[in-house]
S.K.: 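Once you've had a glance at the structure underneath, I'll fire off some questions.
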Amino acid sequence: MRFLNDHTIKLERELNDLDRFVLKFLKVLEKYVDYVIISGYIAILFGRSRATEDVDVFIKPIDREQFIRLYHHLQKDGFWCLNAESDDEVYSYLGEGIAIRFARSGEAIPNFEVKIAKNILSLATFSDAIEVETSEGTIKISSLERQVAFKKYYLGSDKDLEDAKHIEELFKDHLDYDTIKKYKDLIKKEYG
Amino acid sequence: MDKLTGSADNRTSRLLFVEYWAHYVRTHSDKDWSCQQNVLINSQLQSAKSYPFSAKQYLEMRGEKCSRIQPTPI
């Protein structure tokens, strides 16, 4: 893998079934709304030796009509919403700040956990997002520094600390530790 | 970093492996490490096809809201 520039990584990995699930979902999602993947999937994409049952994604605020177009397209492409069925019900979950999960029709895992980015820190993930170019499509992820900071200083489970360690070791020649500290301070300010 | 260092402490041992494997990923081709990782990922997705719980049960186990009436897609 190599950095093409500060915001683009070319990843020449063999894709697996999880990657293809992600790419299939994103191919629809990106037609309707801007997104950033924020979860442990990022570490897995870059080789972390664990699996996951879900992929977390932030989307920008979206109006009802656009969301319903997105929802119908996802349904047409073989996805379903685990939480609810009707257009209005699914959209209302998002409006209430509740994450909604999409999986392949009839299945529960793996699934995409979709949340609207609302607070300042969440919205800021879009400004420094990185694009990862794979052989079958591009995936937008949060910046590596943000990933490390959130996993170490907000989430903090053993699994998250291991994910952060993987990213830190893998990208140690590229990470900006001043930026990680900046995010650490922002996390403390926002979440205590 | 040629050899994996061991530790009696489980947490330390896990972190040492994470560091060891990340170093491997950094120093080998994407194709090399991803073929190894994909055995794990693909086998997990294969197992997921036999996941014994419904979407509603899955969400309830996670403490998340589900108002789905139909257990399967219409």
Side-chain angles (χ1 to χ4, degrees), chain A residues 1-2 10-21 43-44 46-54 75 78-86 89-90 92-93 96 98-101 103-111 113 134 158-159 161-173, chain B residues 1 4-5 7 9-74:
Chain A
M1 71 185 83
R2 57 196 167 93
K10 191 167 176 71
L11 184 61
E12 290 166 309
R13 65 165 298 149
E14 293 288 321
L15 296 177
N16 54 49
D17 294 341
L18 181 62
D19 298 325
R20 293 199 170 90
F21 167 77
I44 295 168
F46 291 122
R48 173 89 161 92
S49 57
R50 72 171 179 90
T52 185
E53 63 183 41
D54 66 0
Q75 288 175 310
F79 294 95
W80 74 329
C81 177
L82 272 60
N83 306 79
E85 288 145 358
S86 74
E89 209 164 19
V90 177
S92 73
Y93 273 60
E96 289 168 37
I98 299 170
I100 50 175
R101 292 182 183 268
R104 286 193 197 98
S105 286
E107 295 179 3
I109 54 174
N111 61 72
E113 186 183 8
T134 75
D158 282 355
K159 180 190 69 178
L161 295 177
E162 290 168 14
D163 285 353
K165 183 120 189 118
H166 178 84
I167 294 173
E168 284 181 296
E169 173 61 31
L170 183 58
F171 293 106
K172 62 184 178 187
D173 297 332
Chain B
M1 189 185 289
L4 174 60
T5 311
S7 168
D9 174 64
N10 181 55
R11 201 182 197 200
T12 306
S13 181
R14 289 179 65 87
L15 285 169
L16 285 169
F17 179 76
V18 168
E19 202 176 338
Y20 173 88
W21 175 246
H23 176 79
Y24 186 96
V25 172
R26 197 161 55 85
T27 54
H28 290 71
S29 71
D30 289 351
K31 186 172 170 142
D32 180 327
W33 59 258
S34 62
C35 283
Q36 297 182 54
Q37 188 212 32
N38 287 354
V39 173
L40 169 68
I41 306 293
N42 289 340
S43 67
Q44 192 235 9
L45 261 73
Q46 194 57 37
S47 296
K49 291 186 196 322
S50 315
Y51 188 67
F53 300 109
S54 68
K56 194 174 174 74
Q57 288 171 318
Y58 170 80
L59 290 170
E60 281 171 358
M61 284 192 291
R62 297 185 69 98
E64 293 178 19
K65 195 173 164 186
C66 180
S67 48
R68 174 166 276 287
I69 297 167
Q70 297 290 339
T72 54
I74 298 167

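Below, read A as the first sequence line, B as the second, and so on, with proteins coming before strands; counting in each chain starts at 1. Predicted, not measured: the structure shown is a model, and the values here were computed from it.
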S.K.: Is it the backbone or the side chain of B:Tyr24 that comes under 4.5 Å from a heavy atom of chain A, or both, or neither?
M.R.: neither

S.K.: Would a distance-only check, ignoring hydrogens and angles, find a side-chain to backbone donor-acceptor pair under 3.5 Å from B:Ser34 to A:Arg13?
M.R.: no

S.K.: Give, for atom CZ of B:Arg26 and atom CE of A:Met1, the distance between the pair rounded to the nearest 0.5 Å.
M.R.: 10.5 Å

S.K.: Can you tell which part of A:Thr52 gets under 4.5 Å to a heavy atom of chain B, answering side chain, backbone, both or neither?
M.R.: backbone

S.K.: Can you measure from CG (A:Leu15) to CD1 (B:Ile41) and round to the nearest 0.5 angstrom?
M.R.: 12.0 Å

S.K.: Considering non-hydrogen atoms only, spot the tightest contact between A:Glu14 and B:Cys35 and give its length.
M.R.: CG-SG, 3.6 Å

S.K.: How many angstroms lie between atom CG of A:Asp54 and atom CZ of B:Arg62, to the nearest 0.5 angstrom?
M.R.: 5.0 Å

S.K.: Hey, is the main chain of B:Cys66 close enough, under 3.5 Å, to the side chain of A:Asn83 for a donor-acceptor pair?
M.R.: no

S.K.: Which bit of B:Leu15 comes within less than 4.5 Å of chain A, counting heavy atoms only: side chain, backbone, both or neither?
M.R.: both

S.K.: What are the two closest heavy atoms between A:Phe46 and B:Trp33, and how far apart are they?
M.R.: C-CH2, 3.8 Å

S.K.: Hey, are the side chains of B:Lys65 and A:Glu96 touching, using non-hydrogen atoms and a 4.5 Å cut-off?
M.R.: yes

S.K.: Hey, are A:Glu12 and B:Lys31 close enough for a salt bridge, meaning a charged N less than 4.0 Å from a carboxylate O?
M.R.: no

S.K.: Side chain from CB out, backbone as N, CA, C, O: work out which of these in A:Ile109 comes under 4.5 Å of a heavy atom of chain B, or both, or neither.
M.R.: both

S.K.: I'd like to verify something: which residue of A:Ala84, A:Gly47, A:Ala51, A:Ser86 has the highest number of heavy-atom pairs under 4.5 Å with chain B?
M.R.: A:Gly47

S.K.: What part of B:Glu64 gets within 4.5 angstrom of chain A, counting heavy atoms only: side chain, backbone, both, or neither?
M.R.: side chain

S.K.: So which residue, B:Arg14, B:Gln57, B:Gln36, ends up with the most heavy-atom pairs under 4.5 Å with chain A?
M.R.: B:Arg14

S.K.: Give, as side chain, backbone, both or neither, the part of A:Glu168 having an atom under 4.5 angstrom from any heavy atom of chain B.
M.R.: neither

S.K.: I'd like to verify something: which residue of A:Ala99, A:Ala108, A:Ser49 has the highest number of heavy-atom pairs under 4.5 Å with chain B?
M.R.: A:Ser49

S.K.: Between A:Glu89 and B:Arg68, does any NZ, NE, NH1 or NH2 come within less than 4.0 Å of an OD or OE carboxylate oxygen?
M.R.: no

S.K.: Run the side chain to side chain donor-acceptor pair (under 3.5 Å) test against A:Asp158 and tell me which residues pass, sequence neighbours left out.
M.R.: B:Arg11

S.K.: Ion pair present between A:Lys10 and B:Asp30, side-chain N to carboxylate O less than 4.0 angstrom?
M.R.: no

S.K.: Hey, what do you get for CZ (A:Arg104) to NZ (B:Lys49), rounding to the nearest 0.5 Å?
M.R.: 5.5 Å

S.K.: Shortest non-hydrogen contact from A:Arg101 to B:Leu59?
M.R.: CD-CD2, 3.7 Å

S.K.: Please check: side-chain N/O of A:Asn16 versus main-chain N/O of B:Asn38, any donor-acceptor pairing under 3.5 Å?
M.R.: no

S.K.: In terms of heavy-atom proximity below 4.5 Å to chain B, should A:Asp173 be classed as side chain, backbone, both, or neither?
M.R.: side chain

S.K.: Under 4.5 Å between any side-chain heavy atoms of A:Glu107 and B:Tyr51, yes or no?
M.R.: no

S.K.: How far does CH2 of B:Trp21 sit from CD of A:Glu169, to the nearest 0.5 angstrom?
M.R.: 13.0 Å

S.K.: Report the residues that fulfil side chain to side chain donor-acceptor pair (under 3.5 Å) with B:Gln44, sequence neighbours left out, ordered by chain and then residue number.
M.R.: none

S.K.: Is the shortest heavy-atom distance from the side chain of A:Glu162 to the side chain of B:Phe17 under 4.5 Å?
M.R.: no

S.K.: Name the region of A:Arg48, side chain, backbone, both or neither, that has any atom closer than 4.5 Å to a heavy atom of chain B.
M.R.: both

